[in-house]
Amino acid sequence: MTVCTRYAPSPTGSLHIGNVRSGLFAYLWARHNGGRFILRIDDTDQERSTRESLEEIVASLQWLGIEWDAGPPDRRYFQSSRFDRYREAALRLLREGKAYPCYCTPEELEAKRRQAERERRKPGYDGTCRNKPFAADLPLPDRGAGRNYTIRFRSPREGQTVVEDLVKGHSVFQNQELDDLIIFRSDGVPTYNFATVIDDADFEITHVVRGDDHLPNTPRQIQIFLALGLAPPLYAHLPMVMGLDGKPLSKRHGATSVFAYRDAGYFPETLLNYLARLGWSHGDQEIFSKAELIQYFSFEACGKSPGIFNPEKLLWLNFHYLKQRSADQLAREAIPFIKRAGYQVPQDMAWLEKMVSTLRERAKTLVELVDFARFYLSDDIAIDPKAAAKFLKPEIVEPLKALVKGLGALRENCTEAEVQSVFEQVLGRFGLKLGQLAQPVRVALTGGTVSPGIYEVIAVLGRSRTVARLERAIAMIAQAQ
RNA sequence: GGUCCCAUCGUCUAGUGGUUAGGACACCGGCCUCUCACGUCGGUAACCCGGGUUCGAAUCCCGGUGGGAUCACCA
């Protein structure tokens, strides 16, 4: 049987980074085995499902490069279009006595739960309706039509259910611990645990890969498979992702959606690599291409304990991919960020490439890169007063003037080597060390004391912008006199 | 509270009975240097506790402790 995995998010919010990791692992396992990967939309909860959320899920996965063999826009992979199928399966269970109607109201159930809690008993369903007789041709509930009851699965009371999990190993559940869960709500909508079983069976899912928060559901789902006369799939429950404080990752921890990271200037390779490496390893290797991930992935190499999401390591990884990028790719990727920062986008791609090349080793994200690039992208630079006080002093005026003269004689698109030789002449003439001249020039050109190498900066800026800024600095010093 | 899962540096992890317990991020220091970085070299730092099993346990077993998940007409 060919391997088939699925990722089944519900479109009720942003695509969360901890959640997408389960999808990634399911994807990797399918690809590793040359199998199929299905994207299924768990939208039985019509109230909370939104179109925006669905679009974000699709766009996030596409951006990450997690491509599906079946799924949206094909409606067959939306639970909301499969209700007939769920009804048919539930009816069958009802006819066979493997499910039964429950007339307890939500209020009654809630009261019983509270009562059980007070008496320190377990809060599960007590089986009030389990043995009440019901009509052989009882239809499914439909509150609107006056059929105000739910359908519960008749879970076996004896024996035990064993989950052989590919990552967690062997877990045994006593069947008496499993209460009779609702498979159809009184509004005629199937519940998650039921719909998911029918789908996994119909789509011939061989491996259910998901977060370990689903582990307690697994024995119940296995029992439904069995009641339907179907063989359950294999399971792989991945530990969850926590925030720095050890609590499950949530909005409280700041950025958690895939889009948030994309917009913060991270690369898809970074996220893929980081997420894979969180809870999975291949010896001492840290950097993995998607192809390597697919090649090496196995559940055996997955950790069993929850992992803490470490933004600093993510940043380091992004830096790695940023440094490694070709100048032209980086230039292209920077454009939307330049636009968003409010700068005019330079039309000269060769120039843009030169620019990003000088920034490549000091920016960790695209956002940072554009941030650093402000003195390239705008002539409206603010000179930091502290830097000016320290470096733009009267004694540097003459060397700066000499520099203006020397640089002014160069071509507009001067090279670093040409700039360097002008600097050396001036340095020699005034008996200065490079640092004594470079820092004032840096302040004049960039407004601050931190920038790429001064020759690089000048080569990118070009002759006239450089000369103009130097002259402005000279004038500033004169004015301060 | 019941049930289930988990436990190696601060963090991600390697390790499957015998290792000076390895790597990565972060941190600290040296070198490089026109600033900041990059790079490079080095350093600090871990087997949760207690019992077994064994000639020998990070590794196997049991118990404790701690963390997590779950117990909906949500998914």
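Please read all numbers here as calculations on a predicted model, not as lab measurements. Proteins come first, then strands; the chains are lettered A, B, ... in the order of their sequence lines, and each starts at number 1.
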Novice: Over all strands shown, is A:T191 touching base, sugar-phosphate only, or nothing at heavy-atom distances under 4.0 angstrom?
Specialist: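 Answer is sugar-phosphate: A:T191 comes under 4.0 Å of backbone atoms only.
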Novice: What nucleic acid atoms does A:S10 come within less than 4.0 Å of, heavy atoms only: base, sugar-phosphate, or nothing?
Specialist: sugar-phosphate
Novice: Begin from the C-alpha positions of A:E269 and A:R325 and carry the test salt bridge (charged side-chain N to carboxylate O under 4.0 Å, His left out) through to its verdict.
Specialist: CA-CA 11 Å; A:E269 293 94 318; A:R325 261 168 163 65; 3.0 Å; yes
Novice: Of all the nucleotides listed (B:U35, B:C74, B:U3), which has the minimum atom distance to the side chain of A:F173?
Specialist: B:U3
Novice: Ignoring backbone atoms, test whether A:T12 places a side-chain nitrogen or oxygen under 4.0 Å from the OP1 or OP2 oxygen of B:C74.
Specialist: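 So the side-chain polar atoms of A:T12 never come under 4.0 Å of the phosphate oxygens OP1 or OP2 of B:C74.
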Novice: Give the nucleotide from the list B:A69, B:A24, B:C73 with an atom nearest to the side chain of A:P106.
Specialist: B:C73
Novice: Indicate, yes or no, whether a donor-acceptor pair under 3.5 Å links the base of B:C71 to the side chain of A:R113.
Specialist: no
Novice: Could you identify the nucleotide paired to B:A45, looking across every strand shown and requiring Watson-Crick or G-U wobble geometry with both distances under 3.5 Å?
Specialist: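 Its partner is none (no Watson-Crick or G-U wobble pair with both distances under 3.5 Å).
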Novice: When rounded to the nearest 0.5 angstrom, what is the spacing between CG in A:D142 and CG in A:D187?
Specialist: 8.5 Å
Novice: Can you tell me how far C1' of B:A26 sits from CG of A:N310, to the nearest Å?
Specialist: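 Distance check: A:N310 CG to B:A26 C1' gives 7 Å.
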Novice: What is the base-pairing partner of B:C74, counting Watson-Crick and G-U wobble geometry with both distances under 3.5 Å?
Specialist: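 B:C74 is paired with nothing.
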Novice: Given the P atoms of B:A45 and B:G1, what is the spacing between them in whole Å?
Specialist: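 Looking at atom P only, B:A45 and B:G1 are 38 Å apart.
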Novice: Which nucleotide in the set B:C34, B:C73, B:G68 lies at the smallest distance from any side-chain heavy atom of A:I454?
Specialist: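 Minimum distance to the A:I454 side chain belongs to B:C34.
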Novice: Considering every strand and a 4.0 Å limit on heavy-atom distances, what is the contact class for A:K323: base, sugar-phosphate, or nothing?
Specialist: sugar-phosphate
Novice: So what does A:N217 touch, heavy atoms closer than 4.0 Å: a base, only the sugar-phosphate, or nothing?
Specialist: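 A:N217: base contact, heavy atoms under 4.0 Å.
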Novice: What does A:H214 touch in the nucleic acid at a heavy-atom separation under 4.0 angstrom: a base, only the sugar-phosphate, or nothing?
Specialist: base
Novice: It should be established whether A:R185 places a side-chain nitrogen or oxygen under 4.0 Å from OP1 or OP2 of nucleotide B:C74.
Specialist: yes
Novice: Looking for any heavy atom pair under 4.0 Å, which part of the strands does A:S281 touch: base, sugar-phosphate only, or nothing?
Specialist: sugar-phosphate
Novice: So, A:Q285 side chain and A:I287 main chain: donor-acceptor pair closer than 3.5 Å or not?
Specialist: yes
Novice: Using the side-chain heavy atoms of A:W316, tell me which of these nucleotides is nearest: B:C5, B:A26, B:C12.
Specialist: B:A26
Novice: Taking the minimum atom-to-atom distance to the side chain of A:R143, which one of B:C73, B:G22, B:C25 wins?
Specialist: B:C73
Novice: Tell me the partner of B:A21, counting only Watson-Crick (N1-N3 plus N6-O4 or O6-N4) or G-U wobble (N1-O2 and O6-N3) with both under 3.5 Å; none if nothing fits.
Specialist: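 Per the H-bond distance test, none.
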Novice: Is a salt bridge present between A:R51 and A:E56, judged by a nitrogen-to-oxygen distance below 4.0 Å?
Specialist: no
Novice: Measuring only the C1' atom in each nucleotide, how far is B:A57 from B:A21? A whole number of Å is fine.
Specialist: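 Result for the C1' pair: 13 Å, nearest Å.
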Novice: Sticking with atom P, work out how far B:C36 lies from B:G22, rounded to a whole angstrom.
Specialist: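 Comparing P positions in B:C36 and B:G22 gives a spacing of 33 Å.
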Novice: Taking a pair as Watson-Crick or G-U wobble with both distances under 3.5 Å, which nucleotide is matched to B:A37?
Specialist: none
Novice: Around A:Q46, counting heavy atoms of other residues, nucleotides and ligands shown, do more than 12 lie under 6.0 Å from its CD?
Specialist: yes
Novice: Classify A:P219 by what it touches in the nucleic acid, base, sugar-phosphate, or nothing, heavy-atom distance under 4.0 Å.
Specialist: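 Since no nucleic acid heavy atom lies under 4.0 Å of A:P219, the category is nothing.
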Novice: Any base atoms under 4.0 Å from A:G453, or only sugar-phosphate, or nothing? Heavy atoms, all strands.
Specialist: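 Touches a base.
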Novice: Output the single nucleotide from B:C74, B:C12, B:A14 whose closest atom is nearest the side chain of A:D284.
Specialist: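 Nearest listed nucleotide: B:A14.
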Novice: Students often get this wrong, so: under 4.0 angstrom with heavy atoms, is A:G279 touching a base, only sugar-phosphate, or nothing?
Specialist: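 Sugar-phosphate contact only - A:G279 comes under 4.0 Å of backbone atoms but never of a base.
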Novice: Please work out if A:F194 contacts a base, only the sugar-phosphate, or nothing of the nucleic acid, heavy-atom cut-off 4.0 Å.
Specialist: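 Nothing: the residue A:F194, judged by heavy atoms under 4.0 Å, touches no strand.
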Novice: Who is the Watson-Crick or G-U wobble partner of B:A69, with both distances under 3.5 Å?
Specialist: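 For B:A69, the partner nucleotide comes out as B:U3, under the 3.5 Å rule.
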Novice: Classify A:V172 by what it touches in the nucleic acid, base, sugar-phosphate, or nothing, heavy-atom distance under 4.0 Å.
Specialist: sugar-phosphate
Novice: Less than 3.5 Å between a donor and an acceptor, one on the side chain of A:Q285 and one on the base of B:G23, is that the case here?
Specialist: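 Such a pair does not exist between side chain and base.
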Novice: Mind checking if A:C104 touches a base, just sugar-phosphate, or nothing, with heavy atoms under 4.0 Å?
Specialist: base
Novice: Would you classify A:S171 as touching base, sugar-phosphate or nothing, given that sugar-phosphate means primed atoms plus P, OP1 and OP2, and contacts are heavy atoms under 4.0 Å?
Specialist: sugar-phosphate
Novice: When the P atoms of B:C4 and B:C48 are considered, how many whole Å apart are they?
Specialist: 23 Å
Novice: For the residue pair A:Q79 / A:D43, report whether a side-chain donor-acceptor contact shorter than 3.5 Å exists.
Specialist: no
Novice: Any ion pair linking A:R429 and A:E398 (charged N to carboxylate O, less than 4.0 Å)?
Specialist: no
Novice: Reckon A:E312 touches a base, only the sugar-phosphate, or nothing at all at heavy-atom distances under 4.0 Å?
Specialist: sugar-phosphate
Novice: For B:A14 and B:C71, measure between their C1' atoms and round to the nearest Å.
Specialist: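 The same atom, C1', in both gives a distance of 37 Å.
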Novice: Which heavy atom in A:I151 sits nearest to a heavy atom in A:P141, and how many Å separate them?
Specialist: CG1-CD, 3.6 Å
Novice: Rounded to whole angstrom, note down the C1' distance from B:U19 over to B:C38.
Specialist: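 It works out to 34 Å between them.
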Novice: Anti or syn, where syn is a glycosidic angle within 90° of 0; which label fits B:C38?
Specialist: syn
Novice: Expressed as a whole number of Å, how far does the P atom of B:G15 sit from that of B:C34?
Specialist: 45 Å
Novice: Between the base of B:C36 and the side chain of A:R362, is there any donor-acceptor pair under 3.5 Å?
Specialist: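 For A:R362, whose side chain was compared with the base of B:C36, there is a donor-acceptor pair (under 3.5 Å).
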Novice: Please measure how far the C1' atom in B:C32 lies from the corresponding atom in B:C41, and state the result in whole Å.
Specialist: 11 Å
